[in-house]
Amino acid sequence: MDNYSTAINIENSGTVQFYHKSKLVPGAESLPFENTLSFLKPVFAHLGGVTGTYTKQEQPSVLYSASGIGVAPVICYESIWGEWVAKSVGKGAQFIAIITNDGWWENTSGKDQHLDYAKLRAVETRRWVCRSANTGISAFINQRGDIVQQSQWWVKAALKQDINLNSELTFYVKHGDYIPKTASLLAVLGMLFLIVRVRIKKKIVKA
């Protein structure tokens, strides 16, 4: 039997839409060589209660309301993957919905950093982000990456906010991590150039 971490869209219709988490947390949700590395399971167990047993879907999805509004469902750890979220936006999502369990961070800077990633996703895609964290920090983030509303960590709260929908595609949505990939390639080429240059100088000195 397959286990999923899933977002579900239920409306007043006969259609129920599902999105199964695609980017699984290493160790807690996806453990390579599970039999060989089984001794690590107790280390990861507190991250989700299950170790390395989840199944995923291969492509991002968009969940649609009956009125045609599209949302990019993002589950927990997936919010750190900008290009992945951008794929959902490119498929028609007009805003981003993040659902996450940040309880395992406890009261550390990890929960705050996870929230900051959501702000980056808003800026990259020019989409509002509605973030629901079951232990905090839940928030509404506008298209500029500003936090309009947020809850406190480990405080019961309900937030309500009018948001703007956007269907325009940004450069980032169209091209993904084009700049960092190009910069990484140039960095590798630069290091290779320096290595070759040093070796040539050594040969000249020996000659």
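Residue indices begin at 1 and follow the sequence shown.
A pairwise comparison of heavy atoms in E78 and P73 identifies OE1-O, 4.3 Å as the closest pair. Between K56 and E58, the shortest heavy-atom contact is CE-OE2, 3.7 Å. Closest non-hydrogen pair, C130 versus F140, comes out as SG-CE2, 3.6 Å. Taking each heavy atom of G82 and E124 in turn, the nearest pair found is CA-OE1, 3.7 Å. Minimum interatomic distance between K174 and L169 (heavy atoms only, all atoms of both residues): CE-O, 3.7 Å. Here the closest non-hydrogen pair linking Q149 and Q161 is NE2-OE1, 2.9 Å.
The side chain to side chain contact (heavy atoms under 4.5 Å, CB included) test with I147 singles out one residue from I137, N142, L115, D116, and that residue is L115. Paired with V74 under the rule side chain to side chain contact (heavy atoms under 4.5 Å, CB included), one option of T100, I96, I80 passes, and it is I96.
Between the OH atom in Y4 and the CG atom in L24 there is a gap of 11.0 Å [rounded to 0.5 Å]. Put simply, CD1 on I99 and CD1 on I75 are 4.5 Å apart, with the number rounded to the nearest 0.5 Å. Atom CD of Q143 is separated from atom CH2 of W128 by 7.5 Å, given to the nearest 0.5 angstrom. One distance of note links CZ of R144 with NZ of K119; it measures 12.5 Å at 0.5 Å rounding. Taking OG1 of T15 as the reference point, atom CG of N12 lies at 12.0 Å (rounded to 0.5 Å). We find the CG-CZ distance between L165 and R127 to be 9.0 Å, quoted to the nearest 0.5 Å.
By the criterion of side-chain heavy atoms lying less than 4.5 angstrom apart, applied directly or through intervening Ile, Leu, Val, Met, Phe, Trp or Tyr residues, L63 is not grouped with F18; the two fall into different hydrophobic clusters. Neither V89 nor I179 shares a network with the other; the hydrophobic side chains, linked directly or stepwise wherever heavy atoms of I, L, V, M, F, W or Y lie under 4.5 Å apart, form separate groups for each. Following chains of ILVMFWY side-chain contacts shorter than 4.5 Å, one cannot reach Y117 starting from V123, and the two form parts of different hydrophobic clusters.
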- Worked check of side-chain hydrogen bond (donor to acceptor under 3.5 Å, both in side chains) between H114 and S79: CA-CA 8 Å; H114 203 192; S79 64; 3.0 Å; yes
- Decide yes or no on side-chain contact (heavy atoms from CB on, under 4.5 Å) for L194 and V196, but give the supporting numbers first. CA-CA 5 Å; L194 290 174; V196 172; over 6 Å; no
- Item | Verdict with reasoning, Y19 to N9, per side-chain hydrogen bond (donor to acceptor under 3.5 Å, both in side chains) | CA-CA 9 Å; Y19 166 68; N9 181 33; over 6 Å; no
- Would you check, one step at a time, whether the test side-chain contact (heavy atoms from CB on, under 4.5 Å) holds for N3 with T55? CA-CA 6 Å; N3 297 312; T55 306; 5.8 Å; no
- Message: Test side-chain contact (heavy atoms from CB on, under 4.5 Å) on R131 and S138; report intermediate values, then the result.
- Response: CA-CA 5 Å; R131 186 178 195 270; S138 298; 5.7 Å; no
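Side-chain N or O atoms of R121 include none that pairs as donor or acceptor with a backbone N or O of V129 at under 3.5 Å. Remark: the backbone N or O of I10 is not paired with any side-chain donor or acceptor of Q17 at under 3.5 angstrom. With Q57 contributing its side chain and Q59 its backbone, the two residues share a donor-acceptor pair below 3.5 Å. Judged by distance alone, the side chain of T170 and the main-chain N or O of R126 form no donor-acceptor pair under 3.5 Å. With S88 contributing its side chain and V62 its backbone, the two residues share no donor-acceptor pair below 3.5 Å.
Residues S5 and H20 are not in side-chain contact: their nearest non-hydrogen atoms beyond the backbone lie 4.5 Å or more apart. Residues V148 and I141 are not in side-chain contact: their nearest non-hydrogen atoms beyond the backbone lie 4.5 Å or more apart. Between K87 and P60, the closest side-chain pair of non-hydrogen atoms falls below 4.5 Å. Two residues are said to be in side-chain contact when any heavy atoms from C-beta on lie closer than 4.5 Å; T135 and W104 fail this criterion.
Between Y178 and F171, the angle of the ring planes goes over 60°, which puts this pair in the perpendicular group of the 30/60° scheme.
The number of heavy atoms from other shown groups lying within 6.0 Å of CG (D162) does not exceed 12. Around CH2 of W84, the count of heavy atoms belonging to other residues, nucleotides or ligands within 6.0 Å exceeds 12.
Remark: K181 engages E83 in a salt bridge, criterion side-chain N to carboxylate O under 4.0 Å.
Residues satisfying the salt bridge (charged side-chain N to carboxylate O under 4.0 Å, His left out) criterion with R197, sequence neighbours excluded, are absent altogether.
Of the N and O atoms on the side chains of Y64 and S67, not one donor lies less than 3.5 Å from an acceptor on the other residue.
Taking the ring centre of W81 as origin, the terminal cationic atom of K23 falls inside the region bounded by 6.0 Å and 45° from the ring axis.
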